[in-house]
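Chain letters run A, B, ... following the sequence lines, proteins first and then strands; every chain starts at 1.
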Amino acid sequence: MTTVSNGVNVKALLDARDALKGAPEAAQFTWRATSKWQDGVHSTTRIQQFFGLGQEQNHKSEAVFEADHPEVFAAEDNGITPIEYLLVGLASCLTAGVASVAQNRGIQLRSVESTVEGNHDIRGILGADSDVRNGFNDIKVTFTIDADASEKDIEALVAQSQKRSAVFDALTNPTSVTVEVA
Amino acid sequence: MEHVTTAVVGAGHAGLAASRFLSDRSIEHVVLERGEIANSWRRERWDSLRLLTPNRQSRLPGHRYDGPDPDGYMTAGEVADFIAGFAKVADAPVRTGVDVTSVRAGRTGYELETSLGPLGARSVVLASGACNRPVVPPFHTEVPASVVQVTPFDYAAPDRLPDGGVLVVGASATGVQLAAEIRRTGRPVTLAAGEHVRLPRTYRGRDVLGWMEASGVWDQRYDEIDDLTRARRLPSPQLVGSPARETLGLNELSALGVEIVGRLAAVRDGWALFSGGLRNVASLADLKMERLLDTFDAWAASSGTDAPPPERFAPTRVPASPRLRLDLRGGEIRTVVWATGFRPEYGWLHVPVLDDKGRLRHDGGVVGPGLYALGLPVLRRRKSTFLHGVEDDAREVIAHLAAAL
């Protein structure tokens, strides 16, 4: 087999998988975000610390995300809408999965692009029709992939990436969410 | 206390195959059976169940089907009779109606507590089955009391279910078979499908399991499989053994009017919540089926097998917007059928050989000194749990046992 390089250290991931089989407590991660209201519907969310491998960890630097709503919602558009962040999460998670699975399967990637479209009936969030849900009605992801592989192998790559994706799972399966006032 | 060289727990096909090879080596042994021979085939199967393998593959060491219908599929009762016939021909030393309540390590081998008193054995073969208990997800307790819940162990026939809608959870062989037969009584049926294994019943003119055997897929050994844990957890293929030899997958169920939804992810506030990932599990199943058919075609070409031309099947049709939730309190669903798998029961095994999930740790059926297992998924080969699949496993496991004596 020719050596492929997609820039993913699959060996490290497989080693981690083996190590965590015997240490489930180390596999417990908590991801955290803190958010601050600015003005109007504009908020700023910061992410730096998380917990994993049994201790507090830090990203190299703090990441800051502005969220607002567009002018068609009579807002100032200081950032993307919160629900668009879900699309960012989904696209980047699936893309990371494609690269990792390709590396593991010995497939050389040349380019991976995707567009993600979430259909959203906003009558739900406006309370205009109680039968309409608040979230996306459906989401469609379209990948364009150039790789040294057959069409079928590329389809399998994308399917496997969904199977292992944290964000795909979080969007498609119910998650218990608690919101409280500190 | 009575002593034997080897005690075999369970007189199903696996225990009896072990007995056959023990007898061939003149190793003194007994086969202990809680009920009668092939007990689970007689008492723990639904009425319509037939074997997934065609009669031509119904064989045990030195014993084979020789009836008039090699392409047919045995009913559960016929399987039980076939296994009992094997016990007779093999003259297996079976003690029926004996409950094994405990197996512990002793000073020389193992000490068994049974309903007929204690028994000492230098070695023990665990052949008590892979499907002793149905597995039901913990959130079954959230299903409203107005809905009847059944497992394949309670289920006998569709007309014993209450009138009204049925939610079948799980799309393995059990799930698709029960969904189809319940739907044929006119009841509305919803099938929650997670990861599943799609197979056509026949391919290029012969049974798909015949292809698996001929092309060597079934002989693939446990130490040649990349992800053995996953292979051992694979759901049973969507197959039914019927006189019509029909294919029974999600497309066929849709055509019958079964509503297909995603995996049942939770029951919350009386609502069944289904995964939105149905399209992905369907395409994974389609891709894997096509890969397997490619394997058959490649084998046919290289071996010069004479068969009709390759076939390909339509992709799984997934509803444009599969239902994501279903109100279990609304009266639409009267019954939930949990076709969510089975597991072995080892409550009586007081030897520290289970992993943190209660599964038996073993290397190709070798559990520990003098302790062996047979009849578990991919024990030594992909075919391990099939009727004809136990012969090679039993020969090798008993050879190991004999060498260790």
Give, for atom [atom1] of [X] and atom [atom2] of [Y], the distance between the pair rounded to the nearest 0.5 Å.
X	Y	atom1	atom2	value
A/Arg133	B/Arg325	CZ	CZ	8.5 Å
B/Ser321	A/Asp138	OG	CG	7.5 Å
A/Thr175	B/Leu273	OG1	CG	10.5 Å

Okay, side chain of A/Asn173, backbone of B/Ala265: is any donor-acceptor separation there less than 3.5 Å?
no
Does B/Arg291 reach the side chain of A/Lys152, with side-chain heavy atoms less than 4.5 Å apart?
no
Measuring only between side-chain heavy atoms, which start at C-beta, is A/Gln160 closer than 4.5 Å to B/Leu284?
yes
Using a cut-off of 6.0 Å, state whether more than 12 heavy atoms not belonging to [X] lie near its atom [atom1].
X	atom1	result
A/Glu84	CD	yes
A/Glu25	CD	yes
A/Lys21	NZ	yes
B/Arg359	CZ	yes

Side chain, backbone, both or neither: which part of B/Ser275 has an atom under 4.5 Å from a heavy atom of chain A?
both
B/Leu324 versus chain A, the contacting section by heavy-atom distance below 4.5 Å
side chain
Tell me, with the steps shown, if B/Arg279 and A/Gln162 meet side chain to side chain contact (heavy atoms under 4.5 Å, CB included).
CA-CA 10 Å; B/Arg279 205 173 302 277; A/Gln162 291 169 73; over 6 Å; no
Looking only at heavy atoms, what is the nearest atom pair of B/Arg268 and A/Ser176, with distance?
NH2-N, 3.7 Å
Could you look at A/Ser161 and say if it's the side chain, the backbone, both or neither that has a heavy atom under 4.5 Å from chain B?
neither
